[in-house]
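Computed from a predicted model, the values in this text were never measured in an experiment. Residue numbers start from 1 in every chain, and the chains themselves are labelled A, B, ... in the order their sequence lines are given, proteins ahead of strands.
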There are 2 protein chains.
Amino acid sequence: MNNNILKSADLKQTKKRNLILSVLEAAPTALTVEEIAEIASKEMKMNLSTIYRALNALADKNVVIKTLYQDGKTYFEINNHKHRHSLICSMCNKKVNLDVCPLEPIEENLAQKTGYTITGHNLEIYGICPECMKHMPSEDNDN
Amino acid sequence: MNNNILKSADLKQTKKRNLILSVLEAAPTALTVEEIAEIASKEMKMNLSTIYRALNALADKNVVIKTLYQDGKTYFEINNHKHRHSLICSMCNKKVNLDVCPLEPIEENLAQKTGYTITGHNLEIYGICPECMKHMPSEDNDN
DNA sequence: ATTCGTGCAAAGGGTTTGCACTATT
DNA sequence: AATAGTGCAAACCCTTTGCACGAAT
């Protein structure tokens, strides 16, 4: 229930924020503000600024995670405290969540070697999904 | 010698492009366009557009690698075909190169599980460097 | 001489912000 | 009633682009 989320983040309860949160909760992957607006617009329309402000407020409270992807857009997802990464199709943008994070064992080692206090990381993996692979304009296959 | 790099990339040889390349070659980590401009300006001044265009041309030829970091800026580095990642201080932005890439073993596995053809990945690790740690305004240390 | 690189200023895309207004507490 | 959220338009930052000029082949 979103009520608690907003309350415990010291944010006022509004229909829009609740809707934004429920969109994120229903989403299988991180979403851009435009994607959120698109989905949310089925129930009510709201300004992009509103979504940005809501998400930034929530990110400040660590309720959502904000990540800038290589496409130049910021993606948001609920911070469920399960650490995840995405595999993104470079052609259709379809995303698959990974449940492995290969980095935790590395980070401790790294902290020792560098003296840095590791605070986090950002990992995106890119590829071509099977569907796009099928419909690939044959660019460099030698038939 | 840069001559060969530009020639083999089918790009005209200019003083500015050579300078840009030598700045990148001397750099221990990936640099932003502004950082490159700053360093290069000691030898000659050039417009940011020129740097952007030179780097994009080189990135298209895979001579340099172009990566968008979480600070919203694009970083460029020579593509020496050694796969590297950076550890970045969130406070002073100092970067350390890692020579481990923990992802290659994972990717093969991933390809099987998802059917994706993996084409690459992006990994940044964030932390606080020892110097910044020393001078940290004590925010949440309980003394 | 042709082709490509460069500077400048303007435009672009995504995100943020100031202000007046509206809703929540 | 006080405080915080929202819409709108303008501003912002980094990057890209059009055009006229200049340099490399």
> So what does Thr74(B) hit on the nucleic acid, given a heavy-atom distance under 4.0 Å: a base, only sugar-phosphate, or nothing?
Replying inline: sugar-phosphate

>> Please confirm whether the shortest side-chain N or O distance from Lys45(A) to OP1 or OP2 of dT6(D) is below 4.0 Å.
In response: no

>> Which heavy atom of Tyr126(A) sits nearest to which heavy atom of Ser90(A), and what is that distance?
In response: CB-OG, 4.0 Å

> So which nucleotide from dA24(D), dC8(C), dC8(D) ends up closest to the side chain of Lys15(B)?
Replying inline: dA24(D)

>> Quick check: His85(A) with His121(A) (ring centres under 6.0 Å apart)?
In response: yes

>> By nearest atom, which of the nucleotides dG7(D), dT6(C), dT16(D) is closest to the Asn56(B) side chain?
In response: dT16(D)

> Of all the choices, dT6(C), dG14(C), dA4(D), which nucleotide is nearest to the side chain of Lys12(A) once you look at every atom?
Replying inline: dA4(D)

> How close or far is atom P of dT3(D) from atom CG of Asp10(A), stated in whole angstroms?
Replying inline: 15 Å

> Between atom CG in Asn18(A) and atom P in dT24(C), what is the gap in whole Å?
Replying inline: 11 Å

> Where is the tightest heavy-atom contact between Tyr52(A) and Val33(A), given as atom of each residue plus distance?
Replying inline: CE2-CG2, 3.5 Å

>> Does Ser49(A) contact dA9(D) through a side-chain donor or acceptor facing the base, at a distance under 3.5 Å?
In response: yes

> Atom CD of Gln13(A) to atom P of dA4(D): distance rounded to whole Å?
Replying inline: 15 Å

>> Can you see if the side chain of Lys7(B) gets near the phosphate of dA24(D) - specifically, an N or O under 4.0 Å from OP1 or OP2?
In response: no

> Nearest-Å distance, CG (Leu48(A)) to P (dT6(D))?
Replying inline: 13 Å

>> Under 4.0 Å from OP1 or OP2 of dC8(D): is there any side-chain N or O of Asn47(A) that close?
In response: yes

> In whole Å, what is the span from the CG atom of Leu11(B) to the C1' atom of dT25(D)?
Replying inline: 13 Å

> Nearest to the side chain of Lys16(A) - dT6(D), dT16(D), dG14(C)?
Replying inline: dT6(D)

> Which sits closer to the 5' end of DNA chain C, Thr14(B) or Thr14(A), going by the nucleotide each is nearest to?
Replying inline: Thr14(B)

>> Applying the side chain to side chain contact (heavy atoms under 4.5 Å, CB included) criterion to Ile20(B), which one of Ile39(B), Leu55(B), Val64(B) satisfies it?
In response: Leu55(B)

>> At less than 4.0 Å, is any side-chain N or O atom of Thr32(A) found next to OP1 or OP2 of dG14(C)? Yes or no.
In response: no

> Charged N to carboxylate O below 4.0 Å: is that the case for Lys15(B) and Glu43(B)?
Replying inline: no

> Leu6(A) has an atom CG; how far is it from atom C1' of dA23(C), in whole Å?
Replying inline: 14 Å

> Salt bridge or not for Glu131(A) and Lys94(A), using N-O below 4.0 Å?
Replying inline: yes

> Within the structure shown, what part of the strands sits under 4.0 Å from Lys73(A) by heavy-atom distance: base, sugar-phosphate, or nothing?
Replying inline: sugar-phosphate

>> In this structure, how many angstroms lie between the P atom of dG14(C) and the CD atom of Glu35(A), rounded?
In response: 12 Å

>> Rounding to an integer number of Å, can you tell me how far Asp71(B) CG sits from dC12(D) P?
In response: 20 Å

> Arg53(B) has a side chain; which of dT25(D), dG18(D), dG14(C) sits nearest to it?
Replying inline: dG18(D)

> Of the nucleotides dC14(D), dG7(C), dT15(C), which has the atom closest to the Tyr52(B) side chain?
Replying inline: dC14(D)

